[in-house]
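In what follows, a structure is listed as structure tokens, so that the remarks can point back to it.
Sequence lines set the chain letters: A, B, ... in the order given, protein chains first and strands last, and positions in each chain run from 1. Source: prediction; values computed, not measured.
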There are 2 protein chains.
Amino acid sequence: MPARPSRHATILEVARVADASKTSVSRYFSGERERLSPALQRRISEAARQLGYRPNQMARGLKGGRSRLLGMLVADIRNPYSVAVMHGVEKACRERGFSLLVANTDNDPTQERTHLALFASYRVEGLVVNAAGSPAHELQDLVGQGLPLVLLDRWLEELEADRVGLDNELAVDMAIDHLRAQGYRQLLFLSQPVGLASPRQQRWQRFEQRLAGEPALDGERHDPALDGTAVSAIIEAFLARAGHPAAVLCANGNVTLAATRALQAQGIRLGEVGLLGIDELDWCGLVPPGITTLAQPTEAIGRAAVQQLLARLDDSGTTLPPRRTLFPPTLIARGSTRLPGTDNDQETP
Amino acid sequence: MPARPSRHATILEVARVADASKTSVSRYFSGERERLSPALQRRISEAARQLGYRPNQMARGLKGGRSRLLGMLVADIRNPYSVAVMHGVEKACRERGFSLLVANTDNDPTQERTHLALFASYRVEGLVVNAAGSPAHELQDLVGQGLPLVLLDRWLEELEADRVGLDNELAVDMAIDHLRAQGYRQLLFLSQPVGLASPRQQRWQRFEQRLAGEPALDGERHDPALDGTAVSAIIEAFLARAGHPAAVLCANGNVTLAATRALQAQGIRLGEVGLLGIDELDWCGLVPPGITTLAQPTEAIGRAAVQQLLARLDDSGTTLPPRRTLFPPTLIARGSTRLPGTDNDQETP
DNA sequence: TTGTATGCGTTATCAT
DNA sequence: ATGATAACGCATACAA
């Protein structure tokens with residue numbers, strides 16, 4: 001028994017024990033086992049097992065420039081949507097032999113910059129970015145250096161990069177069509193502050209576009225901060241002003257949460273005032289009579305991001321134009337968009 | 001202007017441009033700027049800026065053995081509890097100059113092993129483990145090699161390591177005390193399959209202990225799989241059998257979700273049958289009349305894990321005995337544990 | 001099929 | 001205060 005239970009065995013030690021050269025051991029662990037004689041393979045295998053040898057990725061990365069690391073920047077990790085997508089990203093990474101370095105920015109551009117620098121220092125081979133906001137500049141630099149980068153959900157107009165996310169126009173169309181078909185005529189579009197977040201902008205604008213083209217529908221839109229009582233006030237004013245039947249269209253999960261709270265606080269029965277939210281959440285079926293949502297294919301979005309990244313990685317050199325991959329949402333109809341007295345055959349909550 | 005917009009500037013290039021030696025540049029970026037003359041500092045700073053130089057962590061890790069990487073193994077990343085803790089872990093990491101490598105195991109011991117190997121290959125300096133299940137063996141090895149490791153929430157009895165998590169006994173005590181004080185006398189304890197998950201075991205056992213000591217209370221416990229209709233059946237049978245007032249105690253967030261569904265499906269008003277869940281979730285205030293929960297201090301738990309890890313890292317050598325850090329939950333009382341007709345002054349939903 | 005020699009970017013040791 | 005040089009663990013061109 002060797003005395004030292006030291007830190008980590010190296011390729012050299014394995015070579016010595018196996019009575020082979022560093023090269024052979026290296027080959028053994030680099031998918032070139034076929035080139036070694038069965039006898040040597042066995043010796044190396046045994047030596048490695050005995051020593052608990054694991055190739056050092058740091059050294060590997062240093063030599064070949066291949067860190068086998070992908071980075072993911074998440075704007076808000078406590079958002080279930082982000083986590084769901086991340087789950088897809090991570091699975092796809094694993095399947096392709098990559099590991100995922102995750103950083104949460106809490107929607108803070110400063111942290112975004114910090115983490116970007118960090119990723120760079122670990123020589124990640126690709127980046128999935130769900131950006132907080134502005135720093136198209138540093139991202140631009142990275143892309144300029146040839147780092148594959150895909151923008152997830154949120155994108156910056158100035159930045160020429162691949163994009164993956166929801167088809168926001170389609171989502172708003174589906175929402176409006178559904179509400180219309182269910183008999184609602186007055187629509188309130190509620191968003192978090194639009195600011196620079198592209199999905200918010202797109203949904204916001206599409207709502208206006210569509211309403212302009214639908215004489216049968218009437219509506220308004222607001223983008224309050226969600227922390228105060230603003231949502232409640234807006235809904236109350238809207239309902240006082242609007243004719244019936246009226247409905248609220250929530251631009252994302254956070255808004256759905258806030259709007260549900262507000263409607264409940266006002267003692268309003270869902271359905272009587274319609275409620276439809278973009279983003280499906282665990283509890284949407286639980287609040288009576290169930291909240292209608294547009295679910296995003298989060299897993300698929302995550303996988304697509306990785307796939308796009310690795311595609312770029314493979315044929316680096318050829319400069320394909322930026323590609324955008326948009327996914328359609330799925331309507332999950334529940335009681336919150338069923339007018340009392342109506343008898344549409346909807347999926348039950 | 002140099003022609004090549006190549007990949008990454010190295011310390012050597014910076015040294016050349018700054019007309020200095022590699023050593024000086026290294027010192028500049030390793031927190032030893034004081035030892036350099038102001039003039040040299042300026043030259044290096046300028047050269048680095050101009051070249052967009054970033055120290056290569058891979059090379060750093062290779063040389064000094066300091067990867068500045070922490071690994072976190074998560075059993076189920078889609079569980080909001082896990083994410084909340086992870087948020088704390090990540091923040092604490094960042095504050096201490098570490099990066100976090102996250103791996104989700106989806107409760108699969110095989111993936112757990114794979115990811116553990118992976119972490120080892122990246123020479124993470126510490127591990128936060130929210131284990132799927134069994135492989136105390138590989139974890140034991142890592143600990144034996146001197147790798148700081150803290151068990152989060154779930155722990156393996158066989159493994160001598162630091163532990164951080166909720167005080168499960170206290171949680172069950174608080175739950176029972178609250179239900180009792182609210183007038184409930186028949187208790188149904190509902191858990192996910194207990195199996196090897198230590199928190200489930202502890203809560204499960206504590207419930208039985210406590211009930212044995214309380215003649216005024218009566219109860220039973222079950223740990224069905226959550227995917228079928230089992231929960232509904234169990235609740236129905238329990239209510240048929242039990243006298244009133246009866247309450248359901250949910251061992252975690254997933255169970256709370258399932259139980260709420262079941263109670264709703266049976267048209268039971270919450271409160272009339274009590275409902276209390278361990279784990280606070282976004283929507284618990286939304287389902288009328290609000291679901292009472294025991295909230296875990298997730299952020300604090302995450303931070304504590306990192307702190308414990310770094311403490312070990314600092315005084316490696318001294319072999320302190322394993323330490324366990326337990327946090328108390330916070331009761332958030334809502335309508336689901338208020339019997340109709342009662343008039344307790346509870347926090348409103 | 002197997003081995004030798006060199007270099008990846010950095011820090012540590014030892015000079016000056 | 002600054003620099004030269006040797007590792008760190010591995011992959012790879014080249015040689016045998």
Side-chain angles (χ1 to χ4, degrees), chain A residues 6-45 47-48 51-69 97 117-118 120-125 145, chain B residues 6-45 47-48 51-69 97 120-125 145:
Chain A
S6 88
R7 286 289 293 182
H8 284 291
T10 79
I11 210 171
L12 183 58
E13 308 181 56
V14 176
R16 273 204 275 266
V17 173
D19 189 33
S21 75
K22 294 199 305 178
T23 311
S24 297
V25 179
S26 173
R27 286 191 176 121
Y28 182 86
F29 285 101
S30 304
E32 300 185 55
R33 302 191 186 179
E34 288 70 19
R35 295 180 47 179
L36 307 181
S37 69
L40 224 201
Q41 285 191 40
R42 250 190 303 282
R43 296 209 311 277
I44 293 178
S45 160
L51 269 54
Y53 170 76
R54 295 258 159 225
N56 183 333
Q57 284 291 351
M58 294 285 163
R60 279 188 160 168
L62 183 54
K63 178 58 186 165
R66 315 199 46 63
S67 68
R68 284 327 201 165
L69 240 31
L118 195 83
S121 79
Y122 279 104
R123 301 297 188 262
V124 296
E125 297 185 50
Q145 286 175 23
Chain B
S6 87
R7 285 287 291 183
H8 285 290
T10 79
I11 211 171
L12 183 59
E13 308 180 56
V14 176
R16 273 203 276 265
V17 173
D19 189 31
S21 72
K22 294 197 304 178
T23 310
S24 296
V25 179
S26 173
R27 285 191 175 119
Y28 182 86
F29 285 101
S30 306
E32 300 185 58
R33 300 190 188 181
E34 288 71 20
R35 295 179 48 178
L36 307 181
S37 71
L40 223 201
Q41 286 190 41
R42 250 189 305 282
R43 295 210 309 277
I44 292 177
S45 161
L51 269 53
Y53 170 75
R54 296 255 159 228
N56 183 333
Q57 286 290 352
M58 293 285 163
R60 279 187 159 169
L62 182 55
K63 178 57 187 162
R66 313 201 46 64
S67 67
R68 283 325 200 165
L69 240 30
S121 79
Y122 279 104
R123 300 300 187 260
V124 297
E125 297 184 49
Q145 286 175 23

By the 4.0 Å heavy-atom rule, please label [X] as base, sugar-phosphate, or nothing.
X: A:S26; value: base
X: B:Y53; value: sugar-phosphate
X: B:T23; value: base
X: B:L36; value: sugar-phosphate

| field | Any side-chain heavy-atom pair of A:R66 and A:E125 under 4.5 Å | value |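 They are in side-chain contact.
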What is the distance, to the nearest angstrom, from the [atom1] atom on [X] to the [atom2] atom on [N]?
X: A:R27; N: C:dG3; atom1: CZ; atom2: P; value: 9 Å
X: B:M58; N: C:dG9; atom1: CE; atom2: C1'; value: 12 Å
X: A:R16; N: D:dG9; atom1: CZ; atom2: C1'; value: 13 Å
X: A:R68; N: D:dC10; atom1: CZ; atom2: P; value: 17 Å
X: A:R35; N: C:dT1; atom1: CZ; atom2: P; value: 8 Å
X: A:Q57; N: D:dG9; atom1: CD; atom2: P; value: 15 Å
X: B:I44; N: D:dG3; atom1: CD1; atom2: C1'; value: 12 Å
X: A:I11; N: C:dT4; atom1: CD1; atom2: C1'; value: 14 Å

| message | Quick check on D:dT2: is either OP1 or OP2 less than 4.0 Å from any side-chain nitrogen or oxygen of B:S24? | response |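 For D:dT2, OP1/OP2 do not have a side-chain N/O of B:S24 under 4.0 Å.
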| said: Can you tell me if B:T10 touches the phosphate of C:dC8, counting only side-chain N or O atoms and a distance under 4.0 Å to OP1 or OP2? | reply: no
Which one, [options], comes nearest to the side chain of [X]?
X: B:K22; options: C:dT6, C:dT2, D:dT5; result: D:dT5
X: A:A20; options: C:dT10, D:dT2, C:dG3; result: C:dG3
X: B:K63; options: C:dG3, C:dT11, D:dA11; result: C:dT11
X: B:R60; options: D:dG3, C:dT10, C:dT2; result: C:dT10

Restricting to non-hydrogen atoms, name the atom on [X] and the atom on [Y] that form the minimum distance, rounded to 0.1 Å.
X: B:A59; Y: A:L62; result: CB-CD1, 3.8 Å
X: A:Y122; Y: B:S67; result: OH-O, 2.6 Å
X: A:S121; Y: B:P55; result: CB-O, 3.5 Å

| field | Donor/acceptor link under 3.5 angstrom from B:R54 side chain onto base of C:dG9 | value |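 It does not, because no donor-acceptor pair links the side chain of B:R54 to the base of C:dG9 below 3.5 Å.
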| task | On DNA chain D, check which nucleotide each of B:S21 and A:S30 is closest to and give me the residue with the more 5' one. | result |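 Checking each residue's closest nucleotide, the 5'-ward one belongs to B:S21.
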| Between B:S30 and B:S26, is there a donor-acceptor pair closer than 3.5 Å when you use the side chain of the first and the backbone of the second? |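 Side chain of B:S30 to backbone of B:S26, a donor-acceptor pair under 3.5 Å: yes, one is there.
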